[in-house]
Protein chains: 2
Amino acid sequence: MDNPDKKRILVVDDERQIRKLLRVILEGAGHAVHEAETGTVGLVEAAALQPDCVILDLGLPDMDGCVFLEKYREWSKTPVLVLSARHGEDDKVKALDLGAEDYLTKPFGAGELLARLRSVMRRNPHVAESPVVSFGDVEIDRSARTVRRGTQEVHLTSKEYALLCLLASHRGKVVTHRQILREIWGPNSEDQTHYLRVHMAHLRKKLESTPDTPRHLLTDAGVGYRLVD
Amino acid sequence: MDNPDKKRILVVDDERQIRKLLRVILEGAGHAVHEAETGTVGLVEAAALQPDCVILDLGLPDMDGCVFLEKYREWSKTPVLVLSARHGEDDKVKALDLGAEDYLTKPFGAGELLARLRSVMRRNPHVAESPVVSFGDVEIDRSARTVRRGTQEVHLTSKEYALLCLLASHRGKVVTHRQILREIWGPNSEDQTHYLRVHMAHLRKKLESTPDTPRHLLTDAGVGYRLVD
DNA sequence: CGCCGGCGTTAAGAAAGTGTTAAGTCCGTT
DNA sequence: AACGGACTTAACACTTTCTTAACGCCGGCG
């Protein structure tokens, strides 16, 4: 049931009802939904979250949607799908010229929204941040989903890869057992710490030159694991 | 009069009046307009002209617009802007999933049309990737829709060809099951992974010298497939 | 010292995913 | 109506991955 191409989507809308509706539709399609009630919060959230797509209501209380777009486009190319009650042509033209990827007028159908979203995603194959992280002689290429050690490619199973990515995204910091288990195995497996022991062993065997005295994949006894350089 | 962003645009529409209208609007914006009255002619024209964008009326007399899209997408990634009198959601979803870049319902405003066109052009900054890619002793010619292995031409069915092209366009990267299924079979078949198994088997049998230990068409268990050189 | 809890390691069984083949269905052609 | 090609569906053997359990190690503590 785990969706491997789950996308992070940020919904910026002041109306609670619309946000709920969008959440239902989008989560139904297997995406992760985050909400922001105002434009200002939206921009902050967008920076923190690095979503794969933003859905923006033009009629925000604190900031005109077009201003949001303008500011957002100063530093991000993440696609924005604009939602609006206004049918006027001028609004559409303005939003599209400010860099919106698409424009939907309310009321909209769930099917159309999802189709437009797919269309947007299809032509935007992860333009975001550098997808490659490295430590020691190991290099992770997130966009290709591959891991190299030196010049040799290393094959990781999907759990191993997920585990490595999770640690890498918190590089230097401890990630607790529960955090890891919740992220990768789901909230029903939060106390199965033995999963971690065997999968960490596998990872170290594949990535460390001396698996019994690990230099990068470290243990914090009783707490969790962390990855250092 | 000389527009530095002058684009070649192909209008495929059976109604003379609409064609005239589009010509006026588009030429007014400094583009070069070409017309085709039927789907069949449209495909030929598109091949000859290599336009920067196609504007397609869904209601063609000789060929459903969706069929046009499907055929066109077999060998071209040129953006298609769909025009339709039908407001139904199903039509929109279908067209967008077949690879249309945008969908406008008639009647439309000149301003909106031009804005959508600009939006389409902006995110399609000359993606003119070479129509021929190769790996190992295999060569794919997308413009001719042919595949050779060494000196011998290999016949691929349309699904096989689509699958190969998809993997080739992400060379070296893992393409997930869902991605493939969504692109080729549509979003309603995202979990029919058994399609992939049999078609991959066919592809390997036709393209790999040792189909049981593939060297180019690789499997990532639980994730997807990828093509490497 | 001997016990205990947390950890690493290994191996075997269970589960999930994959390759292969063949039969069934659909569709356009003759 | 019969044929052929392409796609779908089903069945089975096989491989990879995940889970589970057993055991040994280490350091802290009574």
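All values below were derived from every heavy atom in this structure, side-chain atoms included, with hydrogens, water molecules and symmetry-related copies excluded. Residue numbers begin at 1 in each chain, while the letters A, B, ... track the order of the sequences.
Taking every side-chain heavy atom of D212(B) into account, dT20(C) is the closest of dT20(C), dC7(D), dT20(D). Distances from the side chain of R197(B) to the nucleotides dT18(C), dG8(C), dC7(D) place dT18(C) closest. When distances are taken from the side chain of S158(B) to each of dC7(D), dT19(D), dT16(D), the shortest belongs to dC7(D). Side chain of K205(B), nearest nucleotide from dT8(D), dT10(C), dT21(C): dT21(C). Closest approach to the Y195(B) side chain among dT9(D), dC18(D), dT18(C) is made by dT9(D) (side chain taken as heavy atoms from C-beta onward). In the set dC7(D), dT19(D), dT8(D), dC7(D) carries the atom at the smallest distance from any side-chain atom of T157(B). In this structure, of dT9(C), dT20(C), dT19(D), it is dT19(D) that holds the atom nearest to the side chain of W185(A). With dT21(C), dT19(D), dG8(C) as the choices, the nucleotide that has an atom nearest any side-chain atom of K159(A) turns out to be dT19(D). Closest to the side chain of H199(B), out of dT10(C), dT8(D), dT17(D), is dT8(D).
Ion pairing of E35(B) with R19(B) is present here, as a side-chain N (NZ or NE/NH1/NH2) and a carboxylate O approach within less than 4.0 Å. Using a 4.0 Å cut-off between charged nitrogen and carboxylate oxygen, E101(B) and R123(B) count as a salt-bridge pair.
When rounded to the nearest whole Å, the span between NE2 of H155(A) and P of dT18(C) equals 11 Å. The CD-P distance, from E160(B) to dT8(D), rounds to 11 Å in whole Å. The CG atom of L196(B) sits 10 Å away from the P atom of dG19(C) (whole-angstrom rounding). Atom CD1 in I184(B) sits about 16 Å away from atom P in dA6(D), given to the nearest Å. Note: CG (L207(B)) to P (dG19(C)) measures 15 Å, nearest angstrom. Rounded to an integer number of Å, the gap from N188(A) CG to dC18(D) P is 18 Å. Whole-Å rounding puts the Q192(A) CD to dA21(D) P distance at 10 Å. Rounded to an integer number of Å, the gap from CG of D191(A) to C1' of dT19(D) is 15 Å.
In this structure, A221(B) and V198(B) both approach DNA chain D, and ranking their closest nucleotides by distance from the 5' end singles out V198(B). Heavy-atom nearest nucleotides on DNA chain C were determined for H202(B) and for D220(B), and the one closer to the 5' end corresponds to D220(B). Nucleotides of DNA chain C nearest to M200(A) and R204(B) differ in position, and the one nearer the 5' end is that of M200(A).
For the residue pair T176(B)/Q179(B), the side-chain donor-acceptor check at 3.5 Å is satisfied. Side-chain contact annotation: S158(B) with R145(B), donor-acceptor N/O pair under 3.5 Å absent. For the residue pair Y195(A)/S189(A), the side-chain donor-acceptor check at 3.5 Å is not satisfied. A donor-acceptor contact closer than 3.5 angstrom links the side chains of S143(A) and D141(A).
Although no hydrogens or angles enter the test, the distance criterion places no donor-acceptor pair under 3.5 Å between the side chain of R171(B) and the main chain of D229(B). Put simply, the side chain of R226(A) never gets that close to the backbone of H216(A): no donor and acceptor are under 3.5 Å apart.
Across all strands shown, Y161(A) has no heavy atoms under 4.0 Å from either base or sugar-phosphate atoms.
A sub-4.0 Å separation between OP1 or OP2 of dG8(C) and a side-chain N or O of T219(A) is present.
Within residues 170-180 of chain A, the residues having any heavy atom closer than 4.0 Å to DNA chain C are, in order of number, H177(A).
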